[in-house]
Chemist: 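I am attaching a structure below and will ask some questions about it afterwards.
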Amino acid sequence: MANTSDIRNGAVILHKNKRMKVISFQHVKPGKGGAFVRTKLKDIKSGKIIDETFNSGHKLEFILVEAKPVQYLYSDDDFFVFMDNDTFDQINVPLKSAEEKKSFLTSGLVVDLLFDGEEVLDIRLPAHVVLKVEETEPGFKGNTATGASKPAKLETEYILNVPLFINEGDSLRIDTRTGEYIERSKD
């Protein structure tokens, strides 16, 4: 059995008889008293996020998860539909379990599904995705020195702030961890 020194972002632990994904953690060594680990955990089934503190050295049960590369096909009202790249089987993932990922999924994107046995625990996106701008106000030449931004609607209905020189039809590289614009892409 492992302890708090083995905690990592993205790890899945069994805590209070629930599978919890570690979103963030921080080792704290106060001037007085013993060290502890402050964590932010997400209940995989309900999606609820809780803050939990463990004393240093606390025993934790880690769940071994298997990552499998799959290709995103489409989503309907209830499910994301993925295709296993090896067997070509279709895998349905409930939409409510990963609603926040929908903004970055485009048809044909290869992602990793995390499994505990046969059950899908999470969708692991690549660090960056390229999305096309569907709607934005026109940009003006020479209006970029201020660092100003404007809203842009992407092909997945995701809305974010972009620099003024971005136009409709441009492809943008987006950070999936923060949801922020990185750069214009040549793709």
Chemist: In the single-linkage hydrophobic clustering (I, L, V, M, F, W, Y; side-chain heavy atoms under 4.5 Å), do Val22 and Leu64 co-cluster?
Modeler: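 Shared cluster, no.
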Chemist: Is the shortest side-chain heavy-atom distance between Asn85 and Val110 below 4.5 Å?
Modeler: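 They are in side-chain contact.
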Chemist: May I ask whether Leu109 and Ile91 are part of the same hydrophobic cluster, defined by side-chain heavy atoms of I, L, V, M, F, W, Y residues being less than 4.5 angstrom apart, directly or through others?
Modeler: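 Same cluster: Leu109 reaches Ile91 through Ile, Leu, Val, Met, Phe, Trp or Tyr contacts under 4.5 Å.
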Chemist: Please state whether the rings of Phe80 and Phe82 are parallel, tilted or perpendicular, taking 30° and 60° as the class boundaries.
Modeler: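 Ring orientation, 0 to 90° scale: tilted.
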Chemist: Checking salt bridge (charged side-chain N to carboxylate O under 4.0 Å, His left out) for the pair Lys153/Glu134: CA distance, chi angles, key distance, verdict?
Modeler: CA-CA 6 Å; Lys153 183 177 174 184; Glu134 292 287 318; over 6 Å; no
Chemist: Answer yes or no: is there a donor N or O on one side and an acceptor on the other, between the side chain of Thr53 and the main chain of Arg38, under 3.5 Å?
Modeler: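 Not a single qualifying donor-acceptor pair exists.
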Chemist: Give me the atom names and distance for the closest heavy-atom approach of Leu95 to Asp77.
Modeler: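 Shortest heavy-atom contact: CD2-O, 3.5 Å.
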Chemist: Are any side-chain N or O atoms of Lys150 and backbone N or O atoms of Ile166, one a donor and one an acceptor, separated by less than 3.5 Å?
Modeler: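 Yes, because the side chain of Lys150 sits within donor-acceptor range (under 3.5 Å) of the backbone of Ile166.
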Chemist: How close do Thr136 and Pro151 get, counting heavy atoms only, and between which atoms?
Modeler: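 Answer, listing the atom of Thr136 first, then Pro151: OG1-O, 3.0 Å.
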Chemist: Are Tyr158 and Phe104 close enough that their ring centers fall under 6.0 Å?
Modeler: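 Yes; Phe104 has its ring centre under 6.0 Å from that of Tyr158.
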Chemist: Strictly below 4.0 Å, N to O, side chains only: are Lys48 and Asp43 in salt-bridge contact?
Modeler: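 Here Lys48 does not pair with Asp43 in a salt bridge, since their nearest N and O are not under 4.0 Å apart.
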Chemist: Could you give the distance from NE2 (His15) to CD1 (Ile13), rounded to the nearest 0.5 Å?
Modeler: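 The distance works out to 6.5 Å.
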Chemist: Give me the atom names and distance for the closest heavy-atom approach of Ile123 to Leu113.
Modeler: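 Closest approach of Ile123 to Leu113: CG1-CD2, 3.6 Å.
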Chemist: With Lys68 as the cation and Phe115 as the aromatic partner, state whether NZ or CZ is under 6.0 Å from the six-membered ring centre and within 45° of the axis.
Modeler: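 Yes, Lys68 and Phe115 form such a contact.
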Chemist: Test your reading of the model: is there a side-chain donor-acceptor pair from Asp76 to the backbone of Phe79, 3.5 Å cut-off?
Modeler: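 Pair found, side chain donor or acceptor close to backbone of Phe79.
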Chemist: Show, in sequence, the C-alpha distance, side-chain angles and deciding distance for Arg19 and Glu119, and conclude whether the salt bridge (charged side-chain N to carboxylate O under 4.0 Å, His left out) test is met.
Modeler: CA-CA 12 Å; Arg19 287 183 296 213; Glu119 186 179 354; 2.5 Å; yes
Chemist: So, for Phe54 and Thr4, which heavy atoms are closest and what is the spacing to 0.1 Å?
Modeler: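 Residues Phe54 and Thr4, closest heavy atoms: CB-CG2, 3.6 Å.
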Chemist: With clusters built from Ile, Leu, Val, Met, Phe, Trp and Tyr whose side-chain heavy atoms come within less than 4.5 Å, directly or transitively, what are the remaining members of the cluster of Ile49, listed by chain and number?
Modeler: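 Answer for Ile49: Ile23.
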Chemist: Looking only at non-hydrogen atoms, find the nearest pair between Pro30 and Ala35 and report the distance.
Modeler: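 Reported closest heavy-atom pair: CD-CA, 4.2 Å.
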Chemist: Between Val111 and Leu105, which heavy-atom pair has the shortest distance, and what is it?
Modeler: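 Shortest heavy-atom contact: CG1-CD2, 4.1 Å.
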Chemist: When rounded to the nearest 0.5 angstrom, what is the spacing between CG in Asn92 and CG in Leu73?
Modeler: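 Here the interatomic distance stands at 10.0 Å.
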Chemist: Kindly indicate whether the side chain of Leu60, heavy atoms from C-beta on, has any atom under 4.5 Å from the side chain of Asn3.
Modeler: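 Side chain of Leu60 against side chain of Asn3, heavy atoms only: no contact under 4.5 Å found.
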Chemist: Would a distance-only check, ignoring hydrogens and angles, find a side-chain to backbone donor-acceptor pair under 3.5 Å from Thr176 to Pro126?
Modeler: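 Answer holds: yes.
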Chemist: Checking salt bridge (charged side-chain N to carboxylate O under 4.0 Å, His left out) for the pair Asp170/Lys132: CA distance, chi angles, key distance, verdict?
Modeler: CA-CA 6 Å; Asp170 286 350; Lys132 197 172 275 313; over 6 Å; no
Chemist: Could you state the interatomic distance from CG (Leu131) to CD1 (Ile174), rounded to the nearest 0.5 Å?
Modeler: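 Separation between the atoms: 6.0 Å.
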Chemist: Calculate, to the nearest 0.5 Å, the distance between atoms CD and OG belonging to Glu155 and Ser107 respectively.
Modeler: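 If we round to the nearest 0.5 Å, Glu155:CD and Ser107:OG are 10.0 Å apart.
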Chemist: Heavy atoms, side chains only, cut-off 4.5 Å: are His128 and Arg177 in contact?
Modeler: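 Yes, close enough: below the 4.5 Å cut-off.
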Chemist: In terms of heavy-atom contacts, does NZ of Lys101 have more than 12 from other residues, nucleotides or ligands at under 6.0 Å?
Modeler: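 Atom NZ in Lys101 is packed in, count exceeds 12.
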Chemist: Donor-acceptor check, side chain of Ser103 to backbone of Thr156, threshold 3.5 angstrom: yes or no?
Modeler: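 Side chain of Ser103 to backbone of Thr156: no pair is present.
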Chemist: Stepwise, does the salt bridge (charged side-chain N to carboxylate O under 4.0 Å, His left out) test hold for Glu52 with Lys42?
Modeler: CA-CA 10 Å; Glu52 192 70 44; Lys42 179 179 180 182; over 6 Å; no
Chemist: Output the distance between atom CZ (Phe165) and atom CZ (Arg184), rounded to the nearest 0.5 Å.
Modeler: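 Here the interatomic distance stands at 5.0 Å.
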